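Model, not experiment: these values are computed from the prediction. First the proteins, then the strands, lettered A, B, ... as listed; each starts at 1. These values consider heavy atoms only, across backbone and side chains, with no hydrogens, waters or symmetry-generated copies.
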There are 2 protein chains.
Amino acid sequence: MPDSPAKKPSRIQQRNRRVILDAALEVFSKHGYRGATLDQIAAEAGLSKPNILYYFEGKEDIHVTLLSQLMDTWLDPLVALDPDGDPRREILDYVDRKLTMAGELPRESRLFANEILQGAPRISPELHSHLKPLFDEKCAVIAGWVEAGKLPPLDPQHLLFSIWATTQHYADFEAQAQVLLGAETNPQPRAAAHLRAMFGALLAQPSGAASVH
Amino acid sequence: MPDSPAKKPSRIQQRNRRVILDAALEVFSKHGYRGATLDQIAAEAGLSKPNILYYFEGKEDIHVTLLSQLMDTWLDPLVALDPDGDPRREILDYVDRKLTMAGELPRESRLFANEILQGAPRISPELHSHLKPLFDEKCAVIAGWVEAGKLPPLDPQHLLFSIWATTQHYADFEAQAQVLLGAETNPQPRAAAHLRAMFGALLAQPSGAASVH
DNA sequence: GTCTATAATGAGATAGAC
DNA sequence: GTCTATCTCATTATAGAC
């Protein structure tokens, strides 16, 4: 690790770190943490295995670095949810942003899903420090909208869960969707229309979620 | 492999196979395919490693067996969707059944999610032979309901995706939900209420999914 | 049928030359 | 900074005794 007196990473160093991280994202998202090997990452990056270990302390270091960087990007769409905007519009726009992001960054989505699925062993601290506060804050915003009568009664926490689940589904379960939809070019437009209709219906509901029975 | 002249597995053999499969489900669903080791499975099953390999040809054999058995159970709730029933009721009951199943069989949900997430390398044939035909059949049923005016216009394929995504989310992303909801006893009742409200709103929508802008 | 011991492979990490 | 060669350990699978 090059960090003796002056800790200024050269342009080559910065570039190599990026190349390695991009290769690692490709491999980790496809095979999971344990399924990925340094050989695969090295091959994908076009570097030798020891060279990889010159830039990172080990396999886990690479993985944690990826997850940490990802977290910020991943939360951007939710950060942008504006408490002063029109409630219905804000939430539907958030759904759009989230779906777009899953479509553009499917590897990141799968990397995250892999980690959570296995109990978040390496990203748990970030969940508490970054995700939880933001989640609570935005849930309070939505709850405020409901109390102000700007939205029908609904459960902010589970609404956000549903948004996450449905938007990330297209990245995380892509293999299944490809089998079921056939070689259809791109499911995204129809997915976007469906999700707008679904969440739009929920948010437009007059009032009092009538029991179904 | 005991299959020379008479292929009748003894009661002990049947029992041991079940014990091994249950242990394997526990381990595979927690660590993924590559993350799981025969040592862990053997320890969980209370058997020796060579004994495991007496009953199964290898690690992959165990995994494939699990996935194949799971597929049938997993599709039961959808099979039960009745073309002759009340459309809205049928779909909402399906959501309930799916959520209940994910709550009762979270390990199975995660095993399946792990496999799909990594591109369904081992279960792809079953997706084509079992899931696809059923999916097409039930989509046609729902499409028929829409054409008959019994349901508002909606996209059957993406409706099913949304149902799968939201119900399985609670099992697959349990680690995240636990962080965000705190040590709350059981999210299931509120999740069920939310999903009934959401899908109920979509299905009750008068007609013509109005563009949101 | 089940075990102990061990072979064979694969993968993370390091030594040391260049 | 980067490479070749190597070490070490974990893991799948087998051999052979009981």
Presence of salt bridge, A:Asp22 and A:Arg18, under 4.0 angstrom: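 No salt bridge links A:Arg18 with A:Asp22.
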Give, for atom [atom1] of [X] and atom [atom2] of [Y], the distance between the pair rounded to the nearest 0.5 Å.
| X | Y | atom1 | atom2 | answer |
| --- | --- | --- | --- | --- |
| A:Asp93 | A:Leu81 | CG | CG | 9.5 Å |
| B:Leu151 | B:Glu90 | CG | CD | 11.0 Å |
| B:Gln188 | B:Thr100 | CD | OG1 | 5.5 Å |
| A:Arg110 | A:Leu117 | CZ | CG | 13.5 Å |

With a cut-off of less than 4.0 Å, is there a side-chain N or O of B:Tyr54 near OP1 or OP2 of D:dA13?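 So the side-chain polar atoms of B:Tyr54 never come under 4.0 Å of the phosphate oxygens OP1 or OP2 of D:dA13.
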Is any side-chain N or O of A:Ser48 closer than 4.0 Å to OP1 or OP2 of D:dT2?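 False: A:Ser48 side-chain N/O out of range (4.0 Å or more) of D:dT2 OP1/OP2.
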Counting only non-hydrogen atoms, which of residues 61-68 of chain B are less than 4.0 Å from DNA chain C?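 Close to the strand, none.
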Any residue meeting salt bridge (charged side-chain N to carboxylate O under 4.0 Å, His left out) with B:Lys138, in chain and number order, not counting sequence neighbours: none
For A:Tyr33, all residues meeting side-chain hydrogen bond (donor to acceptor under 3.5 Å, both in side chains), sequence neighbours excluded: none
For the pair made of [atom1] in [X] and [atom2] in [N], what is the distance, rounded to whole Å?
| X | N | atom1 | atom2 | answer |
| --- | --- | --- | --- | --- |
| B:His31 | D:dT12 | NE2 | P | 12 Å |
| A:Asn51 | C:dA13 | CG | P | 15 Å |
| A:Phe56 | D:dT2 | CZ | C1' | 16 Å |
| A:Ile41 | C:dG12 | CD1 | P | 8 Å |
| A:Tyr33 | C:dG12 | OH | P | 8 Å |

Ring-ring centroid check B:Phe135 B:Phe161, cutoff 6.0 Å: yes
Just by distance, no angles: are the side chains of A:Arg122 and A:His63 close enough, under 3.5 Å, to form a donor-acceptor pair? yes
Compute whether any side-chain donor of one residue and acceptor of the other, for A:Arg190 and B:Gln157, lie under 3.5 angstrom apart.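 Their side chains do contain a donor-acceptor pair, which is all the 3.5 Å distance test asks for.
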Can you give me the N/O atom pairs linking the protein to nucleotides 16-18 of chain D at distances under 3.5 Å, or say none if there are none?
none

Report each atom pair, protein N/O against N/O of nucleotides 6-11 of chain D, whose distance is under 3.5 angstrom.
| unit_1 | atom_1 | unit_2 | atom_2 | d |
| --- | --- | --- | --- | --- |
| D:dT11 | OP1 | A:Arg34 | NH2 | 3.3 |

Which residues pass the side chain to side chain contact (heavy atoms under 4.5 Å, CB included) test with B:Ala102, not counting sequence neighbours?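 Side chain to side chain contact (heavy atoms under 4.5 Å, CB included) check on B:Ala102 returns B:Ala171.
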Minimum-distance nucleotide to A:Leu53 side chain [options: C:dT14, D:dT2, C:dT2]: C:dT14
